[in-house]
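First the structure, in the form of C-alpha cells, and then the observations on it.
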Amino acid sequence: MAILKILQYPDEKLHTVAIPVAQVTDKIRALIDDMAETMYAAPGIGLAATQVDVHERVIVIDTSEARDELLVLINPEIIASSGISDFEEGCLSVPGIYGKVQRAELVTVKALNAQGEPFVLDADGLLAVCIQHEMDHLAGKVFVEYWSRLKQARTLARLKKKLRSTM
Ligand code: GNR
Ligand code: NI
C-alpha cells in the first residue's frame, strides 16, 4: 500500500475525462488499496482516481462515523435521481475552500465492486452528495466550477495567496 499524491486545483490534469475500467484486475485492486489509504490518511470521505492522476473510472468513499465502511465504485452510473440538495462541500484537491453546490438529493447508482460484480445502491444525504462529487471528478469537473465566474476568480486568488504564504 502507498499514499498517493493528490493533484491540486487548478492543475489541468483534474480536467481529464476518465475512461471505463475494461476489467477489474489485481492492478485495479492495488489502485483501490492505495486510494483508500490515501483517502483515510488525508483525511477525506471520498477520492476519485482522477485526483491521483489515474484516469480510469474508480472511486472510493467512506462516509461512516467509524471510518470502517469502505465503498468502492467502479464504472459508476447514476440510473435515477430526484430532489434537490444544497450542501456545503469541500475537496481534497481544493484545500481550505468550502461552498455550496446544488445537486440531486437522492441517487440510485449502478457500479461494479472490487470483485468486478455489479450492484445497485440507493443513496441519500452526505453519501449521495459524495457520489455525485466523485463522479464529477471522473468527468473532469471540480466542485468550484459550479460557482459564478466571480466566485471562481476569488477562489483562485485565495489559493494563489495561500501558495505564496507557504513559500
Ligand atoms: O473529504 C471530502 N469531503 C466532502 C465534503 C462535502 C462534500 C464532498 C466531499 S468529498 C471530499 C473528498 C474529495 O475531495 N473527494 O473528491
Ligand atoms: Ni473532491
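Just so you know, ligand 1 is whichever comes first in the structure, and atom 1 is the first atom listed for that ligand. Just so you know, these numbers come straight off a predicted model, no measurement behind them.
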Open item on the list: Less than 4.0 Å is my threshold; does some heavy atom of M39 fall inside it relative to ligand 1?
Closed with: no

- [ ] Say whether L47, considering both its backbone and side-chain N or O atoms, lies within less than 3.5 Å of an N or O atom on ligand 1.
- [x] no

Open item on the list: Under a 4.0 angstrom heavy-atom cut-off, which atoms of ligand 1 come close to H137?
Closed with: 16 (O)

Open item on the list: Closer than 4.0 angstrom, basic N to acidic O: yes or no for R29 and D34?
Closed with: no

Task: Contact summary for V144 and Q152, nearest pair of heavy atoms - done: O-CG, 3.2 Å

- [ ] May I ask you to decide if A49's main-chain N or O and E56's side chain share a donor-acceptor pair within less than 3.5 Å?
- [x] no

TODO: Compute the shortest N/O to N/O distance between G46 and ligand 1 and return yes if it is under 3.5 Å, no if not.
DONE: yes

Open item on the list: Could you tell me if the side chain of E134 sits less than 4.5 Å from the side chain of I61, heavy atoms only?
Closed with: yes

Open item on the list: Tell me the contacting part of E134 for ligand 1: side chain, backbone, both, or neither, using a 4.0 Å heavy-atom threshold, strictly below.
Closed with: side chain

- [ ] Specify side chain, backbone, both or neither for H133, according to which of its non-hydrogen atoms lie closer than 4.0 Å to ligand 1.
- [x] side chain

Task: N or O contact, S93 vs ligand 1, cut-off under 3.5 Å - done: no

TODO: Locate the shortest heavy-atom distance separating L138 from T50; write the atom from each residue and the value.
DONE: CA-OG1, 3.5 Å

Task: Short side-chain to backbone donor-acceptor contact, N75 and V21, under 3.5 Å - done: yes

TODO: Check whether the side chains of S93 and Q8 place a donor and an acceptor atom closer than 3.5 Å, and report yes or no.
DONE: no

TODO: Specify the protein heavy atom at minimum distance from atom 14 (O) of ligand 1: its residue, its atom name, and the distance to 0.1 Å.
DONE: L92 N, 2.8 Å

Task: ligand 1 N/O within reach of G90 N/O, cut-off under 3.5 Å - done: no

Task: Heteroatom distance test (Q51, ligand 1): nitrogen or oxygen, under 3.5 angstrom - done: yes

Open item on the list: With heavy-atom distances below 4.5 Å as the criterion, would you say the side chains of D136 and V142 are in contact?
Closed with: no

Task: For C91, the ligand 1 atoms whose distance to one of its heavy atoms is below 4.0 Å - done: 14 (O)

TODO: Look at atom 3 (N) of ligand 1 and say which protein heavy atom is nearest, naming residue and atom and giving the distance to 0.1 Å.
DONE: I45 CG1, 3.3 Å

Task: H133 NE2 and C91 SG subtending at the Ni ion (ligand 2) (10° steps) - done: 110°

